[in-house]
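Here's the structure we're looking at; comments come further down.
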Amino acid sequence: MSTTGKAGFFTLGVPPDAYHLPHPRLGLPVILVIRRVLLRAFEIIRQELPGIASTGEDDVTAALRSIIENRLRKTGDVAGFNGRSFEMVGRQSQFANFDGTRIGKEPDLYFKLRDDDGGRGNVLSEFDALFVECKPVDATHAAGGRYCDDGLIRFIKGDYGWAMQEGMMLAYARNGRTIAKHLIPAMSQPIRMSSLQTIDLPAAPNNSIAAPTTMAESIHISRHRRPFPWMDGKGLASDITIYHLWHDCG
């Protein structure tokens with residue numbers, strides 16, 4: 001069994017030859033399904049729950065998860081998203097980081113594809129998901145400090161999504177904050193380019209499905225190196241692609 005972490009008491013539960021890293025990509029089509037799910041959930045929040053502009057991060061995230069899990073995954077209201085294709089959507093469940101030295105990391109949301117036929121290959125099922133970190137970006141929560149230094153950095157350090165090749169940042173944008181005017185300048189600062197190991201700054205893909213809506217910006221994609229080694233001698237972690245979704249929350 002694979003062991004590391006404090007006093008050697010961490011295990012992945014399988015021998016090293018039973019899994020491969022990194023896990024296969026989820027791919028843009030899956031990301032676009034999840035984006036449509038989030039767009040629909042935000043639409044429901046705006047219709048049914050007043051005050052999103054002044055609601056705290058945890059309350060917004062909890063509302064999103066409840067709508068997604070209790071309504072959208074059951075009804076199939078969003079094409080491609082249902083209980084046959086996705087497992088239960090999780091919120092703040094505990095996961096170990098890349099080497100098991102911290103076993104209580106709590107991503108805000110995570111989406112797991114069903115893999116009943118083993119099509120994902122020899123993956124670590126526990127860690128095979130799209131992990132989502134949610135952050136407010138507004139007058140009191142800067143894109144640099146809050147979103148990047150407290151949020152995005154967790155993917156680069158191997159706290160979240162360390163077995164994956166993709167992760168997602170979800171912004172609750174307020175007070176006119178945008179990717180072009182606030183995120184890209186913050187990420188372009190030399191000290192942050194270094195800390196985030198940025199290879200490519202956020203850019204929108206040439207895909208009309210990922211285009212902006214009246215309440216959300218287009219998907220932007222950035223790419224980052226990860227400086228940590230995978231366990232069991234599987235080498236240095238591969239680069240990670242981060243999908244940035246910014247929703248207008250007032």
Side-chain angles (χ1 to χ4, degrees), residues 1-31 33-34 65 68-69 73 80-134 151-170 195-199 221-243:
M1 293 289 182
S2 167
T3 58
T4 184
K6 295 181 180 179
F9 200 72
F10 176 73
T11 180
L12 292 172
V14 293
D17 60 0
Y19 72 94
H20 297 303
L21 293 174
H23 290 179
R25 285 188 174 275
L26 297 169
L28 188 57
V30 171
I31 301 301
V33 169
I34 293 171
R65 194 265 181 179
I68 292 169
E69 176 58 27
R73 194 171 73 92
F81 185 75
N82 51 58
R84 297 184 303 278
S85 54
F86 283 83
E87 295 185 15
M88 183 179 72
V89 177
R91 173 177 176 261
Q92 294 184 334
S93 297
Q94 293 191 341
F95 290 88
N97 71 333
F98 74 95
D99 64 358
T101 55
R102 287 172 287 181
I103 59 174
K105 306 307 294 183
E106 297 182 346
D108 289 315
L109 295 169
Y110 63 93
F111 293 79
K112 285 179 65 70
L113 286 171
R114 288 202 178 279
D115 189 33
D116 297 335
D117 61 358
R120 294 282 294 164
N122 291 335
V123 298
L124 297 164
S125 179
E126 178 184 5
F127 301 99
D128 192 45
L130 180 72
F131 292 86
V132 184
E133 179 71 355
C134 306
L152 177 54
I153 191 72
R154 297 177 184 180
F155 290 101
I156 285 72
K157 294 192 303 182
D159 288 341
Y160 300 155
W162 56 264
M164 305 299 292
Q165 300 183 63
E166 297 143 305
M168 180 176 287
M169 289 295 301
L170 177 61
S195 66
L196 296 177
Q197 298 282 298
T198 303
I199 301 170
I221 302 172
S222 63
R223 191 160 61 97
H224 308 263
R225 295 183 184 89
R226 293 186 287 187
F228 59 88
W230 279 319
M231 60 187 71
D232 290 330
K234 292 185 180 289
L236 188 65
S238 63
D239 300 341
I240 188 167
T241 296
I242 300 294
Y243 297 95

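Note that these values count all heavy atoms, side chains included, but never hydrogens, waters or copies made by symmetry.
- Between the side chain of Lys105 and the main chain of Gly158, no donor-acceptor pair closer than 3.5 Å is present.
- Ionic pairing of Asp159 and Lys157 is present here: one or more N-O contacts between side-chain nitrogen and carboxylate oxygen are shorter than 4.0 angstrom.
- Taking CE of Met168 as the reference point, atom CG of Leu130 lies at 5.0 Å (rounded to 0.5 Å).
- Of the possible polar contacts, none joining the Glu133 side chain to the Arg154 backbone as a donor-acceptor pair under 3.5 Å is found.
- Inter-residue side-chain proximity for Phe228 and Asp99 is flagged as unmet; no heavy-atom pair is nearer than 4.5 Å.
- Between Leu26 and Phe111 the shortest side-chain heavy-atom distance does not fall below 4.5 Å.
- Of all the heavy atoms in Ala163 and Leu21, the pair that sits closest is CB-CD2, 3.6 Å.
- Considering OH of Tyr110 and CZ of Phe131, their distance stands at 8.0 Å, rounded to 0.5 Å.
- Atoms CZ and CD1, on Arg25 and Ile31 in that order, are 10.0 Å from each other to the nearest 0.5 Å.
- The shortest heavy-atom contact between Ala96 and Phe10 is CB-CE1, 3.4 Å.
- Between the Arg65 side chain and the Val89 main chain, a donor and an acceptor come within less than 3.5 Å of each other.
- Classified by interplanar angle (parallel below 30°, tilted 30° to 60°, perpendicular above 60°), the ring pair Phe127/Trp162 is tilted.
- Here side-chain hydrogen bond (donor to acceptor under 3.5 Å, both in side chains) pairs that include residues 117-131, with residues two or more places apart or in two chains, are His23-Asp128, Arg120-Asp128.
- Taking 4.5 Å as the limit, every side-chain heavy atom of Asp108 sits out of range of all side-chain heavy atoms of Leu170.
- At a threshold of 4.5 Å between non-hydrogen side-chain atoms, the residues Leu113 and Val30 count as touching.
- Summarising the local packing, CD1 of Ile103 is surrounded by 12 or fewer heavy atoms from other residues, nucleotides or ligands at distances under 6.0 Å.
- Put simply, the side chain of Leu236 does not reach to within 4.5 Å of the side chain of Pro227, judged on heavy atoms.
- A search for salt bridge (charged side-chain N to carboxylate O under 4.0 Å, His left out) contacts involving Lys112 returns nothing, not counting sequence neighbours.
- A pairwise comparison of heavy atoms in Trp230 and Arg226 identifies CZ2-NH2, 4.1 Å as the closest pair.
- Of all heavy-atom pairs spanning Leu109 and Cys134, the tightest one is CD1-SG, 4.1 Å.
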Inset, instruction - Please test Lys234 against Tyr19 for side chain to side chain contact (heavy atoms under 4.5 Å, CB included), starting from the C-alpha separation and ending with a verdict. - result: CA-CA 10 Å; Lys234 292 185 180 289; Tyr19 72 94; 3.2 Å; yes
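- For the side-chain hydrogen bond (donor to acceptor under 3.5 Å, both in side chains) with Asp239, the lone residue among Arg225, Arg223, Gln165 that qualifies is Arg223.
- The ring of Phe81 has its center closer than 6.0 angstrom to the ring center of Phe86.
- Note that CG of Leu196 is 8.5 Å distant from OG of Ser222, once rounded to the nearest 0.5 Å.
- The CD1 atom of Ile68 lies 11.5 Å from the CZ atom of Arg91; values are rounded to the nearest 0.5 Å.
- Nearest heavy atom pair, residue Val123 against residue Pro24, reads CG1-CD, 3.7 Å.
- Between the CG atom in Asn97 and the CZ atom in Arg102 there is a gap of 5.0 Å [rounded to 0.5 Å].
- Of the possible polar contacts, one joining the Tyr160 side chain to the Glu106 backbone as a donor-acceptor pair under 3.5 Å is found.
- In terms of heavy atoms, Asp232 sits closest to Pro16 at CG-CG, 3.6 Å.
- Residues meeting the salt bridge (charged side-chain N to carboxylate O under 4.0 Å, His left out) test with Arg73, sequence neighbours left out: Glu69.
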